[in-house]
Peer 1: 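I'd like to ask some things about the structure below.
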Amino acid sequence: MMEERYPYKPKLLAAIVTVVFFGVLAGFMGFFSLDNDRGLVLNGSIHFSRMGATIFYWVITFVLAAFSVLGLLLIFKSLTSKGELIITDQYVRAPKSGISKKIITVPFNDVEKVSVQEVKGTVFFKIIHRKGKLTIVSSVLPKREDFEHVKKHILAHVRC
């Protein structure tokens, strides 16, 4: 029986860029929040007082900081995850998501529908099966060619 294995985890460089990008933005907004001395008008229809604008800026600061913390989680998962996608002639096995520990095995006989969706360069290959769904994401595999090979292999083995 043929078996191919691919690492299936977040990319380290993307996670580092996420932390740095959102961390810098959060720092900038935090500084701006501390130094705010005027109100804010958004789109000509929403008016904030000085205090309201400061609160608004702090909310934005915390949201940006939260994204930076999520980036830290991605770095941790990228460095520690042993996740892999496995394809054989009978099934595909992969983590439920790029950061999940839950492993999903989908026998090709159980596949009811497949679909492909692309969002800003990332391709999502959705497999609907008898017990739920599994989505394989191109950005979590090492190379785009690996994703294309996995997709082609699965499409060659399903009957839907």
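No hydrogens, no waters, no symmetry mates; every other heavy atom, side chains included, goes into these values. This one's a predicted model, so the numbers in the text were calculated from it and none came from an experiment.
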Peer 1: Taking NZ, NE, NH1 and NH2 as the nitrogens, is one of them in Lys152 or Glu148 under 4.0 Å from a carboxylate oxygen of the other?
Peer 2: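 No, Lys152 and Glu148 are not salt-bridged.
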
Peer 1: Starting at CH2 of Trp58, measure out to CE of Met29 and round the result to the nearest 0.5 Å.
Peer 2: 9.5 Å

Peer 1: Minimum heavy-atom separation for Leu85 and Tyr8, please, with both atom names.
Peer 2: N-CB, 3.7 Å

Peer 1: Is there a path of hydrophobic side-chain contacts, each under 4.5 Å between heavy atoms of I/L/V/M/F/W/Y residues, joining Leu72 to Ile16?
Peer 2: yes

Peer 1: Roughly how far, to the nearest 0.5 Å, is the CG atom of Leu13 from the CD1 atom of Ile75?
Peer 2: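 The CG atom of Leu13 is 10.0 Å from CD1 of Ile75, to the nearest 0.5 Å.
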
Peer 1: Roughly how far, to the nearest 0.5 Å, is NZ of Lys11 from OG1 of Thr18?
Peer 2: 12.5 Å

Peer 1: Within the supplied structure, the quantity of interest is the number of heavy atoms (other residues, nucleotides, ligands) at a distance under 6.0 Å from Met51 CE; does it exceed 12?
Peer 2: no

Peer 1: Which atom pair, heavy atoms only, marks the closest approach of Thr54 to Ser33?
Peer 2: CG2-O, 3.6 Å

Peer 1: Would you confirm whether Ser138, through its side chain, and Val123, through its main-chain N or O, come within 3.5 Å as a donor-acceptor pair?
Peer 2: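 Looks like yes, one N/O pair under 3.5 Å.
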
Peer 1: State which residue, out of Leu134, Val111, Val158, fulfils the side-chain contact (heavy atoms from CB on, under 4.5 Å) condition with Val92.
Peer 2: Leu134

Peer 1: Please name the pair of heavy atoms, one in Asn109 and one in Arg130, separated by the smallest distance, quoted to 0.1 Å.
Peer 2: O-NH2, 3.6 Å

Peer 1: Nearest heavy-atom pair of Glu84 and Pro95: which atoms, and what distance?
Peer 2: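 Smallest heavy-atom distance, with atoms named: O-CD, 3.5 Å.
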
Peer 1: What distance separates Phe22 CZ from Leu70 CG, expressed to the nearest 0.5 Å?
Peer 2: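 Those atoms lie 9.5 Å apart.
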
Peer 1: Does Arg38 offer a backbone N or O that forms a donor-acceptor pair with the side chain of Asn36 under 3.5 Å?
Peer 2: yes

Peer 1: Got a sec, which residues hit ring pair (Phe, Tyr, Trp, His ring centres under 6.0 Å) with Phe108, two or more places apart in sequence or on another chain?
Peer 2: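 Ring pair (Phe, Tyr, Trp, His ring centres under 6.0 Å) check on Phe108 returns His157.
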
Peer 1: Assess, by modelled atom type and distance only, whether the side chains of His149 and Glu4 contain a donor and an acceptor separated by less than 3.5 Å.
Peer 2: yes

Peer 1: Report whether Val150 and Val114 are members of the same hydrophobic cluster (ILVMFWY, side-chain heavy atoms less than 4.5 Å apart, transitive linking).
Peer 2: yes

Peer 1: Looking at Phe67, I'd like to know if its CZ atom is crowded, meaning that more than 12 non-hydrogen atoms belonging to other residues, nucleotides or ligands lie closer than 6.0 Å.
Peer 2: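 Incorrect, the count does not exceed 12.
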
Peer 1: What verdict does the side-chain contact (heavy atoms from CB on, under 4.5 Å) test give for Ile104 and Lys131, after you've listed the backbone C-alpha separation in whole Å, the side-chain angles of each residue and the deciding distance to 0.1 Å?
Peer 2: CA-CA 10 Å; Ile104 305 291; Lys131 296 180 182 175; over 6 Å; no

Peer 1: Counting heavy atoms not belonging to Phe124, are there more than 12 under 6.0 Å from its CZ?
Peer 2: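 Atom CZ in Phe124 is packed in, count exceeds 12.
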
Peer 1: Is it possible for you to say whether Phe125 and Ile128 belong to one hydrophobic cluster, with membership spreading through side-chain heavy-atom contacts below 4.5 Å?
Peer 2: no

Peer 1: Step by step, would you call Asp146 with Arg144 a side-chain contact (heavy atoms from CB on, under 4.5 Å)?
Peer 2: CA-CA 5 Å; Asp146 294 336; Arg144 184 66 170 249; over 6 Å; no

Peer 1: Could you check His129, Arg93, Gln90 and say which one makes a side-chain hydrogen bond (donor to acceptor under 3.5 Å, both in side chains) with Thr105?
Peer 2: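 Of the listed options, the one satisfying the test is Arg93.
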
Peer 1: Please determine whether side-chain contact (heavy atoms from CB on, under 4.5 Å) holds for the pair Phe32 and Ile60, giving the CA-CA distance in whole Å, both sets of side-chain angles, and the decisive distance to 0.1 Å.
Peer 2: CA-CA 11 Å; Phe32 194 68; Ile60 298 296; over 6 Å; no

Peer 1: Indicate, with yes or no, if Ile103 and Val140 share a hydrophobic cluster defined by side-chain heavy-atom contacts under 4.5 Å among Ile, Leu, Val, Met, Phe, Trp and Tyr.
Peer 2: no

Peer 1: What is the distance from atom OG1 of Thr135 to atom NZ of Lys126, rounded to the nearest 0.5 Å?
Peer 2: 6.0 Å

Peer 1: Can you measure from CD1 (Ile86) to OH (Tyr6) and round to the nearest 0.5 angstrom?
Peer 2: 11.5 Å

Peer 1: Any idea which heavy atoms bring Met2 and His153 closest together, and the distance?
Peer 2: CE-CE1, 2.8 Å

Peer 1: Where do Phe48 and Leu42 land on the side-chain contact (heavy atoms from CB on, under 4.5 Å) test, with the steps shown first?
Peer 2: CA-CA 8 Å; Phe48 291 105; Leu42 289 177; 3.6 Å; yes

Peer 1: Please find the pair of heavy atoms, one from Ile136 and one from Ile127, that lie closest to each other, and give the distance.
Peer 2: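 Where Ile136 meets Ile127 most closely, the heavy atoms are CD1-CD1, 3.9 Å.
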
Peer 1: Is there side-chain contact between Lys133 and Glu112, with heavy atoms separated by less than 4.5 Å?
Peer 2: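 The answer is no; the side chains never approach within 4.5 Å.
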
Peer 1: Can Ile55 be reached from Val41 by stepping across I, L, V, M, F, W or Y side chains whose heavy atoms are under 4.5 Å apart?
Peer 2: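 Unlinked, Val41 and Ile55 end up in two clusters.
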
